[in-house]
Amino acid sequence: PVFFFFFQFCSCREKMSKITRDTLYECVREVIKGSKDKQRKFNETVELQIALKNYDPQKDKRFSGTVRLRHIPRPKMKICILGDASHCDEAKANGIPFMDSEALKKLNKDKKLVKKLAKKYDAFLASDTLIKQIPKLLGPGLSKAGKFPTILTHADNMVAKVDEIKSTIRFQMKKVLCLATPVGHVQLTEDELAANVGLSVNFLVSLLKKNWQNVRALYIKSTMGKRQQLY
């Protein structure tokens, strides 16, 4: 389930007690300062990097969860609408990439073409009238890539739904004890980035079997910057 932004920093002091507010802001400040000292030609993403302990990926249940952050961590995340006529018109009006059922049929379930489509976009939204036809039209390619579309109804605000997808991050444990997820970018303010990092840490700790006892180390790092240790 998606935990929305009211899963707040202040409501989880007990979980955040391992990281002081001063440490959090000091790390955030250093990340932003580093990006300003050596400016890049692109907006650097800020990642939360996690090292776990007392976990056996082979035996222990692997966790997975999504949380919606207050500020969009990846503004340039590419999202495509797989839509009916009405949704395609709305997407076109809002400058959002889209494909209708005819365009999907032209892919002819070709594995290479579907794989190329999955690589081109970070996520997909599909009209409620079309979503059940996706496996029939494209085969299992989007599911295999972990990008099966999120449902889009005609009651939804398309732009708000796209922003919701862009604001949502996933923590998923696989076969190793290290994981990383984007939690912001260097053009956010200190307060905005700190809010995103705090919310992400709280949510991650809530997913762990033994909470903080499973955390070996936490870092934040911009794409090209130095790693800053939170914990």
Side-chain angles (χ1 to χ4, degrees), residues 1-12 43 45 63-109 113-172 181-185 187-188 192-193 195-196 198-200 202-204 206-207:
V2 175
F3 281 63
F4 293 93
F5 60 84
F6 52 72
F7 184 92
Q8 287 197 5
F9 195 78
C10 54
S11 67
C12 296
N43 183 11
T45 297
F63 59 81
S64 177
T66 56
V67 60
R68 184 177 176 183
L69 301 181
R70 293 185 213 175
H71 309 284
I72 293 173
R74 288 192 295 166
K76 289 192 175 179
M77 188 179 179
K78 292 180 185 174
I79 294 172
C80 181
I81 308 294
L82 309 179
D84 55 24
S86 172
H87 275 146
C88 286
D89 287 344
E90 193 181 343
K92 189 176 182 179
N94 286 291
I96 300 167
F98 64 90
M99 293 177 79
D100 60 14
S101 57
E102 290 306 308
L104 296 176
K105 280 176 189 171
K106 284 177 185 173
L107 298 180
N108 204 25
K109 280 190 185 177
L113 293 176
V114 174
K115 195 174 181 180
K116 194 176 177 183
L117 175 67
K119 272 190 171 182
K120 188 176 179 181
Y121 296 101
D122 298 300
F124 297 87
L125 283 166
S127 299
D128 48 358
T129 51
L130 188 64
I131 198 161
K132 287 180 182 176
Q133 297 173 48
I134 299 296
K136 191 179 175 182
L137 292 167
L138 299 178
L142 292 186
S143 293
K144 281 184 178 176
K147 293 180 183 179
F148 190 79
T150 299
I151 194 165
L152 179 70
T153 72
H154 289 280
D156 290 325
N157 177 319
M158 185 183 286
V159 174
K161 194 81 173 175
V162 166
D163 281 347
E164 183 184 318
I165 298 276
K166 287 182 178 181
S167 301
T168 302
I169 60 166
R170 175 181 291 277
F171 289 103
Q172 187 168 18
T181 194
V183 293
H185 55 87
Q187 288 178 13
L188 290 175
E192 287 169 344
L193 186 52
N196 274 11
L199 190 58
S200 304
N202 284 340
F203 183 70
L204 166 73
S206 76
L207 290 176

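Positions are given from 1 along the sequence.
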Nearest atoms (heavy-atom pairs only) where Arg70 meets Leu199: N-CD2, 4.2 Å

Heavy-atom donor-acceptor pair, Asp89 side chain to Ser86 backbone, under 3.5 Å: no

Heavy-atom pair of closest approach, residues Pro73 and His185: O-CD2, 3.5 Å

Geometric class of the Phe203/Phe171 ring pair [parallel <30°, tilted 30-60°, perpendicular >60°]: tilted

Heavy-atom pair of closest approach, residues Gly141 and Val114: CA-CG1, 3.7 Å

Where at least one partner belongs to residues 115-140, residue pairs that pass salt bridge (Lys or Arg N to Asp or Glu O under 4.0 Å), sequence neighbours excluded: none

Under 3.5 Å: donor-acceptor pair, side chain of Lys166, backbone of Ile72: no

OG1 on Thr45 to NZ on Lys76, rounded to 0.5 Å: 10.0 Å

Counterpart residues, side-chain contact (heavy atoms from CB on, under 4.5 Å), relative to Ser143 (two or more places apart): Phe148

Heavy-atom pair of closest approach, residues Ile169 and Ser200: CD1-OG, 3.6 Å

With a 3.5 Å cut-off and sequence neighbours excluded, list the donor-acceptor pairs that the side chains of residues 94-105 form with protein atoms.
{"residue": "Asn94", "atom": "ND2", "partner": "Glu90", "partner atom": "O", "Å": "2.9"}
{"residue": "Asp100", "atom": "OD1", "partner": "Glu102", "partner atom": "N", "Å": "3.2"}
{"residue": "Asp100", "atom": "OD1", "partner": "Ala103", "partner atom": "N", "Å": "2.8"}
{"residue": "Glu102", "atom": "OE2", "partner": "Lys105", "partner atom": "NZ", "Å": "3.3"}

Whether Ser127 side chain and Asp84 backbone form a donor-acceptor pair below 3.5 Å: yes

Heavy-atom donor-acceptor pair, Asn157 side chain to Val159 backbone, under 3.5 Å: yes

Within-4.5 Å side-chain heavy-atom neighbours: Thr168 and Thr150: no

From Leu117, Ile165, Leu152, residue fulfilling side chain to side chain contact (heavy atoms under 4.5 Å, CB included) relative to Phe124: Leu117

Interatomic distance, Leu193 atom CG to Gln187 atom CD [nearest 0.5 angstrom]: 12.0 Å

Stepwise side-chain contact (heavy atoms from CB on, under 4.5 Å) test for Asn108 and Leu113: CA-CA 9 Å; Asn108 204 25; Leu113 293 176; over 6 Å; no

Test log, rule side-chain contact (heavy atoms from CB on, under 4.5 Å), inputs Leu125 and His87: CA-CA 10 Å; Leu125 283 166; His87 275 146; over 6 Å; no

Working for side chain to side chain donor-acceptor pair (under 3.5 Å), residues Arg170 and Thr181: CA-CA 7 Å; Arg170 175 181 291 277; Thr181 194; over 6 Å; no

Expected output: side-chain Asn196 to main-chain Leu69 donor-acceptor under 3.5 Å: no

Over all atoms of both residues, closest heavy-atom pair of Gly184 and Leu188: CA-CD1, 3.8 Å

Closest non-hydrogen atom pair between Lys109 and Gly139, with its separation: CG-N, 4.0 Å

